[in-house]
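Please read the structure below before turning to the comments.
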Amino acid sequence: HIAWAREMVDYASDKLASRYGWVMEMEGRDWMKPEDSNSCESCAVVDMLQCYLLLAGAGYPEYWDRAERYIRNYFTDGQMIDTGWMNACSPCPDNVASSWTDVPSRVRGCFVGWGAPNDLVDETARVKDAIQNCCGPHGAWGLFLAWRRIVTVRGDTLKVNLALNKETGACRVESSLPYKGRVEAVLYRDACALLRAPGWVDRAAVRCRVDGREVKTVWAGSYVMFAGAKAGQKVTLEYPLPVETRSEKLDGHEYRVRWKGDTVVAIDPSGKHVPILQRPWFEKDEVPQKEEPEFRFREEIDRALNEIDW
């Protein structure tokens, strides 16, 4: 069954999706007019993301890379944080079926539905210039799926699977990506700590540190292992981030995508209405910092991690 699932997921990944996480709403065009373009729903993005995470957890680490590319790019930029571009609706009275009151502020935080490869909305989609109502809750579920798997702990083994910031009862993950190729974990308990490196890294260029002191790099599959790490220590994984431009052909159109590691910093052509994936600030090497108080609720976090499920 896993072999069949991998075949289906790889087909969808290669034929129906971009490398950065745009996924066609459907493969066929039976419901579409000839002039309509294929568009993307966050439901499809999250379905693919879930498949990647399940396969990665089943022992196929290459799918962690795909999951992280989706999370860092189309999935993240596809959440509507700024609704200032939306026009207020016509002043119509609300009824049991529809509501027009303060729509822009009420849809803030929802996720792309019928989006273009470079835009939050798509004027040539089957449903034009719209946001699908099922994509909001599906996007929230996707956030949970990713958040839950950043760090996994089994017995005395702690794995950092995704290079994303997270505070847990076992460790605090501090990621400098995409500014620098650096992932750190501050341990709150003794553990064999494993930090995953992307599949594309030059292993000869990888550096490991414990409390700032360089140590020998020990590989355990796609992870770097810090055996016998102690509570209070900071373990660090460092690697160079390659910068490259790749071309992708999506629904008959070609896009030139500029990558820094697993993060898209620009896409050409840019979107027309609500452009996404235009993030020149990620070209910088200086990592932004902010002050936060020391976190003191590790027992509560542990309990929440054991209780929260979806």
Side-chain angles (χ1 to χ4, degrees), residues 1-3 5-6 9 46-72 75 141-177 181-201 203 206 208-211 215-239 262 295-310:
H1 295 303
I2 290 181
R6 289 187 69 194
V9 170
V46 173
D47 288 348
M48 289 291 288
L49 176 59
Q50 184 185 23
C51 289
Y52 292 155
L53 293 171
L54 288 171
L55 286 169
Y60 301 94
E62 64 269 25
Y63 291 98
W64 288 121
D65 284 348
R66 300 192 198 184
E68 185 151 337
R69 286 199 301 268
Y70 274 44
I71 294 164
R72 288 188 172 279
F75 179 62
W141 182 45
L143 289 174
F144 167 78
L145 292 175
W147 168 83
R148 191 184 191 192
R149 288 167 175 81
I150 295 171
V151 176
T152 53
V153 179
R154 289 187 178 179
D156 295 331
T157 300
L158 180 154
K159 287 186 175 182
V160 178
N161 303 305
L162 300 168
L164 302 169
N165 294 329
K166 186 175 182 180
E167 179 84 39
T168 78
C171 71
R172 180 175 71 246
V173 181
E174 300 174 351
S175 174
S176 299
L177 278 74
R182 182 175 64 213
V183 184
E184 299 177 304
V186 178
L187 302 184
Y188 298 146
R189 61 181 70 166
D190 295 352
C192 175
L194 294 102
L195 277 59
R196 190 184 67 85
W200 42 259
V201 298
R203 291 197 171 196
V206 168
C208 297
R209 304 180 191 278
V210 175
D211 290 337
V215 296
K216 181 181 178 181
T217 301
V218 179
W219 289 95
S222 59
Y223 293 80
V224 168
M225 181 170 62
F226 298 85
K230 302 299 183 183
Q233 287 186 324
K234 177 186 283 189
V235 297
T236 303
L237 168 65
E238 296 176 332
Y239 48 84
D262 280 326
F295 210 93
R296 293 173 295 176
F297 302 104
R298 310 202 207 293
E299 292 182 4
E300 288 81 352
I301 291 173
D302 266 343
R303 186 166 60 250
L305 287 174
N306 290 325
E307 294 176 357
I308 294 175
D309 206 343
W310 197 318

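Please read all numbers here as calculations on a predicted model, not as lab measurements.
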- Indicate yes or no: at least one non-hydrogen side-chain atom of W219 is less than 4.5 angstrom from one of V224. yes
- Query: Does R149 reach the side chain of L54, with side-chain heavy atoms less than 4.5 Å apart?
  - Reply: yes
- Note on the structure: Here the pair of heavy atoms bringing D47 nearest to W141 is OD1-CZ3, 4.4 Å
- Item | Between CZ on residue R196 and CG on residue L162, distance to nearest 0.5 Å | 6.0 Å
- Message: Distance check, rounded to the nearest 0.5 Å: K159 atom NZ versus L195 atom CG?
- Response: 12.0 Å
- Message: How close do L237 and C208 get, counting heavy atoms only, and between which atoms?
- Response: CD1-SG, 4.4 Å
- Kindly give the heavy-atom pair with the smallest separation between P61 and S222, and that separation in Å. CB-OG, 3.4 Å
- Message: Quick check: closest heavy atoms across R6 and Y63, and the distance to 0.1 Å?
- Response: NE-OH, 3.3 Å
- Task: Check the angle between the aromatic planes of W147 and F144 and answer parallel, tilted or perpendicular using the 30° and 60° thresholds.
- Result: tilted
- Trace of the side-chain contact (heavy atoms from CB on, under 4.5 Å) decision for Y239 with L177: CA-CA 10 Å; Y239 48 84; L177 278 74; 3.5 Å; yes
- Closest approach of L164 and R72, non-hydrogen atoms and distance? CD2-NH2, 3.7 Å
- Could you give the distance from OH (Y70) to SG (C51), rounded to the nearest 0.5 Å? 10.0 Å
- Message: One pair to check against side-chain contact (heavy atoms from CB on, under 4.5 Å): E167 and Y188. What are the steps and the verdict?
- Response: CA-CA 10 Å; E167 179 84 39; Y188 298 146; 2.6 Å; yes
- Item | Close side-chain approach of T168 to V173, heavy-atom, < 4.5 Å | no
- Partner of N161 under side chain to side chain contact (heavy atoms under 4.5 Å, CB included), picked from T152, L53, V151, is T152
- Task: State, without any angle test, whether R182 and S176 hold a side-chain donor-acceptor pair at a distance under 3.5 Å.
- Result: yes
- Check whether any side-chain N or O of E68 sits under 3.5 Å from a backbone N or O of A163 as a donor-acceptor pair, and report yes or no. yes
- Item | Separation of L187 CG from F226 CZ (nearest 0.5 Å) | 9.5 Å
- Message: Tell me whether the count of non-hydrogen atoms from other residues, nucleotides or ligands lying under 6.0 Å of CZ in R203 goes above 12.
- Response: yes
- Can you tell me if D190 uses its side chain to pair, donor with acceptor, with the backbone of A231 under 3.5 Å? yes
- Task: For the pair V160 and E184, evaluate side-chain contact (heavy atoms from CB on, under 4.5 Å) and give the outcome as yes or no after the intermediate values.
- Result: CA-CA 9 Å; V160 178; E184 299 177 304; over 6 Å; no
- Distance, nearest 0.5 Å, that separates CD of Q50 from CG of L55: 10.5 Å
- Could you tell me which non-hydrogen atom of D262 sits nearest to which non-hydrogen atom of W200, and how far apart they are? OD1-NE1, 3.0 Å
